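Structure first, commentary second.
Bear in mind the structure is a predicted one, so any value in this text is a computation, not a measurement. Just so we're on the same page: letters track the sequence lines, and every chain starts at 1.
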Number of protein chains: 2
Amino acid sequence: MTQRKVISFETIRVACKNCTLSQLCLPMGMSPEDVDRLDSIVKRSRPLHRGDHLFRSGERFRSLYVVKTGSVKTYTPSEEGGEQVLGFHLPGEIIGLDAIDQDCHACSAKVLETSAICEVPFQRFEELAASIPSLQHSMFRLLSKEIGHDAEMLLLLGKKNAEERLAAFLVSMSQRLSKRGLSPTDFYLSMSRHEIGNYLGLAVETVSRLFTRFQDEGLVKVDRKHVEILDLGTIESLAGTAQAAGSRKHSN
Amino acid sequence: MTQRKVISFETIRVACKNCTLSQLCLPMGMSPEDVDRLDSIVKRSRPLHRGDHLFRSGERFRSLYVVKTGSVKTYTPSEEGGEQVLGFHLPGEIIGLDAIDQDCHACSAKVLETSAICEVPFQRFEELAASIPSLQHSMFRLLSKEIGHDAEMLLLLGKKNAEERLAAFLVSMSQRLSKRGLSPTDFYLSMSRHEIGNYLGLAVETVSRLFTRFQDEGLVKVDRKHVEILDLGTIESLAGTAQAAGSRKHSN
DNA sequence: CGTGGCGTTGAGCCAGATCAATACACGTGG
DNA sequence: CCACGTGTATTGATCTGGCTCAACGCCACG
């Protein structure tokens with residue numbers, strides 16, 4: 001057992017290094033020493049289970065989190081039990097960026113399935129970023145990328161209809177998974193229909209009906225959480241400001 | 001004329017310094033020398049007029065822009081002439097943060113009224129940030145704040161009804177203007193009803209009807225672009241996940 | 001005093017929400 | 001192994017908020 005723990009720890013350590021790397025050191029070369037410095041501040045990576053929270057709304061902000069394996073959803077809980085799902089986070093993606101400003105988490109992060117998460121203490125990270133220009137640049141880019149992604153979501157929620165929203169969701173999942181080396185056309189959704197609907201600003205029933213419709217149209221094969229994309233091209237065209245859909249567009 | 005130009009330039013220079021300061025050097029003390037260093041890279045600030053573009057979608061990203069006076073809207077133009085308004089930017093607010101990642105603007109920025117804008121060359125800014133830890137921290141916070149703001153908009157577009165959206169819009173304008181020392185209850189909207197509707201994900205007609213309704217209910221007095229807020233408290237309660245509205249809530 | 005761009009107002013319609021019932025998967029305990 | 005319970009997903013029927021279409025009023029400007 002002890003032996004196994006050590007092996008497991010090293011495995012996680014290396015994988016974590018990789019995932020931190022890929023997001024934060026992506027664009028330009030950081031020296032191997034700098035990469036090690038960055039890696040050395042990444043704290044722990046114990047496996048979390050479905051329902052566990054990385055943090056809750058209102059808690060003090062200390063660290064960013066990087067998903068190594070599994071998936072996490074972030075959401076803003078409102079009194080009366082309602083919530084707005086802000087996003088689903090897949091391996092390689094970073095959580096907690098919105099808390100830097102207030103020094104306090106405005107949203108909660110809940111693990112959707114057994115997941116390994118790296119924790120990056122932010123204060124130490126900032127010190128490092130100040131001494132490694134390329135790391136600072138990567139962080140600026142990362143934050144900026146998040147803003148760009150949010151703008152896409154604003155477009156989705158502000159202008160797209162239900163069909164376009166679900167198509168965009170599928171395309172996004174497909175792209176993000178394939179970026180991690182997983183199949184872009186065959187995957188399991190770790191979130192419920194309810195959570196998908198909440199995220200996309202749709203009722204559960206609408207999501208369910210659309211999955212059925214897409215399946216009837218031969219675009220996907222859906223079995224519960226298992227999704228096979230059969231016609232990615234068509235789904236992509238539906239997701240965009242799809243002119244192919246044959247439906248007239250809003251003008252507002 | 002020459003004389004006047006010089007005076008005008010100095011006036012702008014000082015005001016610009018102030019506005020750059022307030023957003024970027026807010027939280028912690030930067031030394032006066034560092035403030036001057038920051039100020040010295042702020043390039044130009046010629047007055048722009050209604051309809052002028054700060055930048056257009058697709059252009060190379062070089063600088064961030066800070067609104068000194070006036071207002072700017074950012075939007076993503078889509079083919080077919082449609083657009084999604086991403087935001088309205090008032091004095092003290094920063095534009096262009098989403099372009100850092102791609103090194104290329106994904107949205108366009110158009111001036112809504114005669115405005116003075118500071119330009120901050122990003123590359124120089126980054127160099128400065130790397131040597132002034134508190135500036136780096138401020139920039140991280142600024143980017144993070146933008147992400148937090150976007151999350152609020154996602155909530156608005158995903159869950160709120162038309163009434164809540166317009167109320168939230170009015171509250172936001174009120175707060176942001178008063179933060180700049182302007183009246184929180186009496187102001188002019190520089191954007192058209194169409195642009196408000198686009199931003200809030202509503203049809204122009206809905207916006208118009210709601211203004212009328214709010215006026216009938218004694219919450220505001222509206223005359224064209226001139227808005228007087230008569231009952232800010234009630235509007236605030238409508239804007240939140242308003243339980244006071246007497247209307248049942250969505251659950252998705 | 002047109003002419004054209006907003007803004008407002010009215011009437012009708014529809015996408016998607018809501019309500020309601022059933023179906024299915026996955027326990028858990030007997 | 002089955003009976004039962006609980007939570008989630010699907011499907012159908014109905015309702016409605018806000019969109020669409022259309023007409024008109026009001027400035028502002030040439």
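- Rounded to whole Å, atom P of D:dT11 lies 9 Å from atom CD of A:Q215.
- Every ring-ring contact (aromatic ring centres under 6.0 Å, His included) that B:F61 has, sequence neighbours left out, goes to B:H105, B:F122.
- Remark: the B:E113 side chain and the B:S71 side chain contain an N/O donor-acceptor pair separated by less than 3.5 Å.
- Side-chain N/O atoms of B:D231 and B:T234 include a donor and acceptor closer than 3.5 Å.
- D:dG18 atom P lies 9 Å from atom CD of B:E163, rounded to whole Å.
- Computed from coordinates, the B:K159 NZ to C:dG16 P distance equals 15 Å when rounded to whole Å.
- A:A151 pairs by the side-chain contact (heavy atoms from CB on, under 4.5 Å) definition with B:L86, not counting sequence neighbours.
- The CG-P distance, from B:L157 to C:dG16, rounds to 15 Å in whole Å.
- Protein atom CG of B:L200 is 16 Å distant from nucleotide atom C1' of D:dG17, rounded to whole Å.
- Between the P atom of D:dT10 and the CZ atom of A:R213 lies a distance of 15 Å, rounded to the nearest Å.
- At whole-Å resolution of the value, CG in A:L202 and P in D:dA9 are 15 Å apart.
- Only one option out of A:F211, A:F187, A:Y188 pairs with A:H226 in a ring pair (Phe, Tyr, Trp, His ring centres under 6.0 Å); it is A:Y188.
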Protein proximity profile, nucleotides 6-11 of chain C - base contact B, sugar-phosphate-only contact S, no contact -, cut-off 4.0 Å on heavy atoms: -SBBBB

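- Salt-bridge formation is not detected for the pair B:K110/B:E83: no Lys NZ or Arg NE/NH1/NH2 atom is positioned less than 4.0 Å from an Asp or Glu carboxylate oxygen.
- Rounded to whole Å, the distance from CG on B:N161 to C1' on C:dT18 is 15 Å.
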